[in-house]
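Structure, as structure tokens:
Throughout, residue positions are numbered sequentially from 1 according to the sequence presented. On a predicted model such as this, the values are computed, not experimentally measured, just so you know.
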Amino acid sequence: MPRPSFMFVPATLIAACLAAAPADAAMTVSTFLSRAQPLRDQGMMAVLDPDFQVLKAEADNAKHQLRAEDAQRRAAGKPPIACVPEGEKIGITDMLDGLAALPARDKRLPLKDGYARVLAKRFPCR
């Protein structure tokens with residue numbers, strides 16, 4: 001049974017949004033926050049905004065980079081970036097609030113480094 005053509009629109013929008021920014025261009029915390037705020041104001045309707053997928057991809061990329069960096073640190077015998085208890089994670093609202101609470105100088109950092117600062121503050125290693 002053929003699928004209606006409107007079913008392919010979201011996939012097309014997602015692909016276009018992901019292709020809009022180079023994969024190696026690190027978005028700063030400040031840029032991420034300024035683009036995320038209008039989405040927060042939209043509530044559940046934010047998932048329909050094309051910028052939602054761009055920011056989600058950026059956040060996912062930052063998390064993957066941070067995990068890889070943390071694994072490298074551990075393999076080299078260096079202390080972890082943060083000590084997140086097993087089964088714990090930080091929700092998007094808490095992460096956005098944590099990023100927003102960073103000092104102005106830290107908001108110029110790449111998103112990955114901002115995430116690291118928020119995690120280290122929320123889940124410090126003792």
Can you tell me how far the [atom1] atom of [X] sits from the [atom2] atom of [Y], to the nearest 0.5 Å?
| X | Y | atom1 | atom2 | value |
| --- | --- | --- | --- | --- |
| Leu102 | Asp97 | CG | CG | 11.0 Å |
| Gln65 | Asp70 | CD | CG | 13.5 Å |
| Leu111 | Thr31 | CG | OG1 | 10.0 Å |
| Leu119 | Glu88 | CG | CD | 11.5 Å |
| Asp94 | Ile90 | CG | CD1 | 5.0 Å |
| Lys121 | Arg117 | NZ | CZ | 12.0 Å |

Ignoring hydrogens, what is the shortest heavy-atom contact between [X] and [Y]? Give both atom names and the distance.
| X | Y | answer |
| --- | --- | --- |
| Ala116 | Ile81 | CB-CG2, 3.7 Å |
| Pro80 | Cys125 | CG-SG, 3.6 Å |
| Ala59 | Tyr115 | CB-OH, 3.1 Å |
| Arg35 | Val54 | NH2-CG1, 3.5 Å |
| Ala46 | Leu39 | CB-O, 3.3 Å |

Going through the checks in order, is the side-chain contact (heavy atoms from CB on, under 4.5 Å) test met by Arg122 and Val84? CA-CA 8 Å; Arg122 176 93 185 252; Val84 181; over 6 Å; no
Are Leu109 and Leu66 grouped together when hydrophobic residues (ILVMFWY) are joined by side-chain heavy atoms under 4.5 angstrom apart?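 In one cluster: no.
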Does Lys56 come within less than 4.0 Å of Asp60, counting only side-chain N to carboxylate O?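 So Lys56 pairs with Asp60 through a salt bridge.
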Salt-bridged, Glu69 to Lys112, with N to O below 4.0 Å?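 The answer is yes: the pair qualifies as a salt bridge.
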Backbone of Lys78 reached by a side-chain donor or acceptor of Arg73 within 3.5 Å: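 Judged by distance alone, no pair lies under 3.5 Å.
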Mark yes or no for whether Glu58, through its side chain, and Met27, through its backbone, hold a donor-acceptor pair below 3.5 Å.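 Yes, the answer is positive, given that a donor and an acceptor are paired below the 3.5 Å cut-off.
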Output, in order, the C-alpha distance, side-chain angles, deciding distance and verdict of side-chain contact (heavy atoms from CB on, under 4.5 Å) for Val29 and Arg108. CA-CA 6 Å; Val29 170; Arg108 293 187 298 253; over 6 Å; no
Sequence neighbours left out, what passes side chain to side chain contact (heavy atoms under 4.5 Å, CB included) with Ser34? Give chain and number order.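 Side chain to side chain contact (heavy atoms under 4.5 Å, CB included) check on Ser34 returns nothing, list empty.
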Answer yes or no: does atom NZ of Lys107 have more than 12 heavy-atom neighbours from other residues, nucleotides or ligands under 6.0 Å?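 Yes, because the 6.0 Å sphere around NZ of Lys107 holds more than 12 heavy atoms from other groups.
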With a 4.5 Å heavy-atom cut-off, do Thr93 and Arg40 have their side chains touching?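 Yes, their side chains come closer than 4.5 Å.
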